[in-house]
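Inspection log for the structure reproduced underneath, given as structure tokens.
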Amino acid sequence: VLAWWWVDASRLPARAEADRQAWRKQADEVQAEVLKAEQQKYEAALQAQTEEQKRHQHRLLVERKKALIKANESRHKAQELRKR
């Protein structure tokens with residue numbers, strides 16, 4: 001009668017180790033998924049920041065061109081006024 005209990009008890013350490021390995025594997029998989037999600041989030045934020053920087057640089061370029069045009073117009077007007 002004790003033999004079946006003894007056999008099951010002798011399997012407990014192996015069973016516990018198998019469970020620990022399965023849990024470790026699951027934890028590793030979850031951690032890999034979390035890291036992948038964080039990496040994707042980081043890449044998306046970096047892409048958005050890059051696009052915003054490009055838009056900002058474009059705005060600055062347009063403003064600079066407008067300022068140069070206005071300065072040239074003012075210079076031209078000043079020259080015209082001096083000729084009179």
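Small disclaimer: the values here were computed from a predicted structure and weren't measured. We count residues from 1, following the sequence as given.
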Can you measure from [atom1] ([X]) to [atom2] ([Y]) and round to the nearest 0.5 angstrom?
X   : Y   : atom1 : atom2 : answer
E51 : L46 : CD    : CG    : 10.0 Å
K25 : D28 : NZ    : CG    : 10.0 Å
L81 : H76 : CG    : NE2   : 10.0 Å
Q26 : D19 : CD    : CG    : 9.5 Å
L35 : E33 : CG    : CD    : 10.5 Å
Q31 : E38 : CD    : CD    : 9.5 Å

inquiry  = We want to know whether E43 and Q39 form a side-chain donor-acceptor pair, criterion being a heavy-atom distance below 3.5 angstrom.
reply    = yes
inquiry  = For a quick check under 3.5 Å, do Q53 and Q49 share a side-chain donor-acceptor pair by atom type?
reply    = no
key: Note, Q40 side chain near K36 side chain (heavy atom, < 4.5 Å)   = yes
request  = Go through the steps to decide whether R75 and Q79 satisfy the test side chain to side chain contact (heavy atoms under 4.5 Å, CB included), and finish with yes or no.
outcome  = CA-CA 6 Å; R75 191 176 311 130; Q79 288 175 352; 4.2 Å; yes
Cationic N near anionic O, under 4.0 Å, R20 to E17 = yes
ask   = Partners of R55 by salt bridge (Lys or Arg N to Asp or Glu O under 4.0 Å), sequence neighbours excluded?
value = E52
inquiry  = So if I apply the side chain to side chain contact (heavy atoms under 4.5 Å, CB included) rule between K66 and each of L68, V62, I69, which one comes out positive?
reply    = V62
